Amino acid sequence: HSWSTAIAIDDSRRLTEVVRSAQPPRVRPQIPLRPWLDPPAPKITGQVWNASNIQWVGNSFHFPQHDHSFQLYTPHQIQKAFRKHSILLQGDSTVRRLYGSFHSILSHDVWTGSTSIDFPKGFPSQVPHPPFGIPASYFARRGLDSQAPGFSPATLLSLLIHSPAPIDPRLLEHRTIVDVNKDFYTEPCDRQFPRSYIMRTPSGIQTSDNIDGLGENDSHINTATTFKSSQFEYKVCRLLPTGGWLPPTSIPKGTPNLQRQQLNPTRSPLLYDYINTNCLGHIHDFVTHELSYQQSITRQYSLYVVGPGVWETVKQSACHHPLFETLQSSHGQKNHLVWPDTVYQLLQEALEKLSMLAEQSPELLIVWRTSGYYDGDTESHVIKEMNIQALQFIRDWNSKHRRRGNGSRGNFLCMDFGAAVERISHGRKRLRGDMQAHYGLEVRILQVQMLTNLLYEHGYVS
């Protein structure tokens, strides 16, 4: 009889089918168990994904076969990449939605299929808490069950153990996950900004507290250019979820409490926060304050993901910045700058300030996320040009960083999200979310994969 095993738990929807073969796999008893408990390391190619090569078939993304740098990361590999980082995400509502889905992936226990998420009010009651299950044989279904030369039973078992359990899509996509604290606070945050952090908002325009992305009918834009002050704030703040990273490293007796927490991922004090800034000028002002006030916010983190969105083109008046008047007047009547050149100049200044922050904070990894596109935006070429300029600026900065003898691992990187989604951003090809500024779940999963790729390929995973 052929050997096969199938295991299920409590009438679960999740089922693991172990490899079918004429004989059970031979596992030598002397092989230590510890290697099986660690997720298989991804292949390090030495090069980050070229986002322009990403292709889409329906809702699925892939790379051409000749691009050997491409590989998908399992949830366990993703959790390993981020398990020692305090993470700050900053941007518009598309970043908030990424924050929610990313949190669910980091919270997922790949060993049991359960999640550490405290389900918010309004989450579907039919989703079990926790949704029990066990890992599905993800790798075995892709041909890795064959006994190829050099493919040891220990490696096979490790792959099977760390195959991702299916995550209920509602844990990644439901409005209570991706729209947390959108219209009103359902999850209070006890972390606050110093009073010195002020962003300037056009009067007559709703502040970032009350307005989300961009809806179907946004033609009624107030063109007022006077400003009022409002404070930056944390929109969502949490502790970094530990997910399925088990078991924790053994801790020697007598270890101080803080160090004990850092060594034990089940008692992690690391942060996972989101700050809402809709405009490039807000990012510029935030980083300016960080440089002036000894990194009073960013020094709490080791990973800072930031980038502008589509407001720069579709809500220009809401993103008007005082620097624009300075740029227009300082160049004289004949050579004065007008939009979009004022935006490009503001982008350069924001990137220069971020590069200064990177140099002042060598322990902080800064990742600039280029912007996606608004479906139907007639000025989308401006967003594309901003993305190109940002990518080139960061490439040049890293080249100078290496030439100065600072090593090959820079701490100011670019995740070229805009290039990855440009082909699915307009018209019938748009992989659309709940409104014209948003994308579907697959695009958020792609961003998590891209960010994970950056950390592995640049040596930020230990």
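Note that these values count all heavy atoms, side chains included, but never hydrogens, waters or copies made by symmetry. Fair warning: this is a prediction, and the values are worked out from it, not measured in the lab.
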Ring centers of His282, Phe286 separated by less than 6.0 Å: no
Looking only at heavy atoms, which two atoms of Leu240 and Ile87 are closest? And how far apart? CD1-CD1, 3.8 Å
For residues Val310 and Ser371, determine if any side-chain heavy atom of one lies less than 4.5 Å from a side-chain heavy atom of the other. yes
May I have the step-by-step check of side chain to side chain contact (heavy atoms under 4.5 Å, CB included) for Ile177 and Ser104, ending in yes or no? CA-CA 8 Å; Ile177 301 296; Ser104 292; 3.6 Å; yes
Side chain to side chain contact (heavy atoms under 4.5 Å, CB included) between Arg432 and His438, worked out: CA-CA 6 Å; Arg432 187 173 172 181; His438 294 165; over 6 Å; no
Compute whether any side-chain donor of one residue and acceptor of the other, for Gln449 and Tyr73, lie under 3.5 angstrom apart. no
Nearest heavy-atom approach of Thr313 to Glu379 is CG2-O, 3.5 Å
From OG (Ser355) to CZ (Phe393), nearest 0.5 Å: 4.0 Å
Lys NZ or Arg CZ of Lys315 over Trp311 ring: under 6.0 Å, within 45°: yes
Tell me, do Leu280 and Leu347 make a side-chain contact under 4.5 Å, heavy atoms counted? yes
Between OG1 on residue Thr288 and NZ on residue Lys353, distance to nearest 0.5 Å: 3.5 Å
Using 4.0 Å as the upper bound for N to carboxylate O, is an ion pair formed by Arg97 and Asp434? yes
Out of curiosity, Thr342 OG1 to Leu323 CG, how far, rounded to the nearest 0.5 Å? 8.5 Å
Tyr272 and His103 aromatic ring geometry - parallel, tilted or perpendicular at 30°/60° bounds: tilted
What closest approach, in Å, do Leu455 and Ala81 show between heavy atoms, and which atom pair accounts for it? CD2-O, 3.4 Å
Relative to each other, are the rings of His320 and Phe324 parallel, tilted or perpendicular (30° and 60° limits)? perpendicular
Check for a donor-acceptor pair, side chain of Asn411 on one end and backbone N or O of Glu363 on the other, with a separation under 3.5 Å. no
d(Asn453 CG, Ile44 CD1) to nearest 0.5 Å is 8.5 Å
Please determine whether side chain to side chain contact (heavy atoms under 4.5 Å, CB included) holds for the pair Lys80 and Val461, giving the CA-CA distance in whole Å, both sets of side-chain angles, and the decisive distance to 0.1 Å. CA-CA 7 Å; Lys80 180 180 180 180; Val461 180; 4.1 Å; yes
Less than 4.5 Å apart, any side-chain heavy atom of Asp179 and any of Arg96? yes
I'd like to know if Glu187 and Lys235 make a salt bridge, using a cut-off of under 4.0 Å between side-chain N and carboxylate O. no
Can you find a pair of side-chain heavy atoms, one from Thr370 and one from Trp368, that are under 4.5 Å apart? yes
Assert yes or no for the condition that the ring centre distance of Phe63 to Trp49 is strictly below 6.0 Å. yes
Looking only at side chains, do Glu457 and Thr45 share a donor and an acceptor under 3.5 Å apart? yes
Within-4.5 Å side-chain heavy-atom neighbours: Thr176 and Thr186: no
If we ignore angles and hydrogens, is there a donor and acceptor under 3.5 Å between the side chains of Gln345 and Asp341? no
Atom pair CD1 (Ile366) and CG (Leu413), whose distance is rounded to the nearest 0.5 Å: 9.5 Å
Candidate list Asp416, Asn387, Thr94, test side-chain hydrogen bond (donor to acceptor under 3.5 Å, both in side chains), partner Arg369, passing option: Thr94
Tightest non-hydrogen contact, residues Gly410 and Trp397, listed as CA-CZ3, 4.5 Å
Phe412 backbone acceptor or donor facing Asn398 side chain under 3.5 Å: yes
For the student: nearest non-hydrogen atoms of Phe417 and Met450, plus distance: N-CE, 4.1 Å
Please determine, by modelled atom types, if Gln348 and Glu352 share a side-chain donor-acceptor pair under 3.5 angstrom. no
Side-chain donor-acceptor pairs of residues 297-305 under 3.5 Å, sequence neighbours excluded:
| from | atom 1 | to | atom 2 | distance (Å) |
| --- | --- | --- | --- | --- |
| Thr298 | OG1 | Glu290 | OE1 | 2.5 |
| Gln300 | NE2 | Ile297 | O | 3.3 |
| Tyr301 | OH | Tyr234 | OH | 3.2 |
| Tyr301 | OH | Asp273 | OD2 | 2.5 |
| Ser302 | OG | His85 | ND1 | 2.8 |
| Ser302 | OG | Ser86 | N | 3.1 |
| Tyr304 | OH | Gln90 | OE1 | 2.4 |

Run the salt bridge (Lys or Arg N to Asp or Glu O under 4.0 Å) test on Arg191 and Glu233 for me, step by step, so that the C-alpha distance in whole Å, both residues' side-chain angles and the decisive distance to 0.1 Å come before the verdict. CA-CA 8 Å; Arg191 284 193 282 281; Glu233 67 169 349; over 6 Å; no
Do Leu451 and Val367 have side-chain heavy atoms sitting under 4.5 Å apart? yes
Would His321 and Asp285 count as having a side-chain donor-acceptor pair, cut-off 3.5 Å? yes
Does any donor atom in the side chain of Asp375 or Tyr373 lie under 3.5 Å from an acceptor atom in the other side chain? no
Do Thr277 side-chain atoms and Ile283 backbone N/O form a donor-acceptor pair below 3.5 Å? no
Quick one: do Arg444 and Val178 satisfy side chain to side chain contact (heavy atoms under 4.5 Å, CB included)? Show the steps, please. CA-CA 10 Å; Arg444 294 197 296 281; Val178 298; 3.7 Å; yes
Donor-acceptor contact present, side-chain Glu312 to main-chain Cys319, <3.5 Å: no
State the CG-CD distance between Leu106 and Gln79, to the nearest 0.5 angstrom. 6.5 Å
So is Arg409 actually on top of Tyr460's ring, under 6.0 Å and inside 45° of the axis? yes
Would a 4.5 Å heavy-atom cut-off, applied to side chains only, mark Leu431 and Val421 as touching? no
Which heavy atom of Asn276 sits nearest to which heavy atom of Ser93, and what is that distance? ND2-N, 4.5 Å
Are more than 12 heavy atoms from other residues, nucleotides or ligands located less than 6.0 Å from atom CZ of Arg395? no
Ser60 side chain near Glu442 side chain, heavy-atom distance below 4.5 Å: no
Cation-pi between Arg430 and Tyr439: NZ/CZ under 6.0 Å from ring centre and within 45° of the ring axis? yes
